Amino acid sequence: MKKINHQFEYLKYDHLSELDSERKALVEAAVKIAKTAYVPYSNFHVGAAVLLDDGRVITGNNQEYASYPVGICAERTLLSYVHANFP
């Protein structure tokens, strides 16, 4: 079995106006997809967005189930989709 290591870098900003246009677009995409999250129990909408190397923006949101509080967070939804479709 081959072990894959993933690394993430992040920067912290105090306000959306500090972001460059690419990062601002990612935040806006995450906010937009959060509105369609399936959250009938918590009503807590979360979105996530990632920029692929080829320039595509992929988004995901949180999903709740009848066995609440079990569900899947927005980041996990997003990363599962990206990994399955862009290994």
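Atoms considered below: every heavy atom in the structure, side chains included; atoms not considered: hydrogens, waters and symmetry mates. All values derive from a computational prediction rather than experimental measurement. Numbering of residues begins at 1 and proceeds along the displayed sequence.
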Report yes or no: does [X] contribute a side-chain atom to a donor-acceptor pair with the main-chain N or O of [Y] at less than 3.5 Å?
{"X": "T36", "Y": "I33", "value": "yes"}
{"X": "N62", "Y": "I72", "value": "no"}
{"X": "E64", "Y": "V70", "value": "no"}

Let me see the working for F8 and H6 under side-chain contact (heavy atoms from CB on, under 4.5 Å), right down to the final yes or no.
-> CA-CA 7 Å; F8 297 92; H6 296 280; 4.0 Å; yes

Audit row: V27, L19, side-chain contact (heavy atoms from CB on, under 4.5 Å) steps and yes/no = CA-CA 9 Å; V27 172; L19 299 177; 3.8 Å; yes

Which atom of A49 lies closest to which atom of T59, heavy atoms considered |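 Here A49 and T59 meet closest at CB-CG2, 4.0 Å.
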
Nearest heavy-atom neighbours spanning G60 and A74 |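 Between these two residues, the closest heavy atoms are O-CB, 3.9 Å.
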
Output the distance between atom [atom1] ([X]) and atom [atom2] ([Y]), rounded to the nearest 0.5 Å.
{"X": "R23", "Y": "Y13", "atom1": "CZ", "atom2": "OH", "value": "4.5 Å"}
{"X": "S67", "Y": "Y41", "atom1": "OG", "atom2": "OH", "value": "8.0 Å"}
{"X": "F86", "Y": "D54", "atom1": "CZ", "atom2": "CG", "value": "6.5 Å"}
{"X": "K35", "Y": "N61", "atom1": "NZ", "atom2": "CG", "value": "12.5 Å"}
{"X": "I58", "Y": "N85", "atom1": "CD1", "atom2": "CG", "value": "8.0 Å"}

If we ignore angles and hydrogens, is there a donor and acceptor under 3.5 Å between the side chains of T77 and Q63?
->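 On atom types as modelled, these side chains do not qualify, holding no pair under 3.5 Å.
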
Would you tell me whether Q7 and N5 have side-chain atoms, one donor and one acceptor, within less than 3.5 Å of each other?
->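 Not at all, the side chains of Q7 and N5 share no donor-acceptor pair under 3.5 Å.
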
Applying the 4.5 Å side-chain criterion to the ILVMFWY set and letting contacts propagate, would L52 and Y81 be lumped into a single cluster?
->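 In one cluster: yes.
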
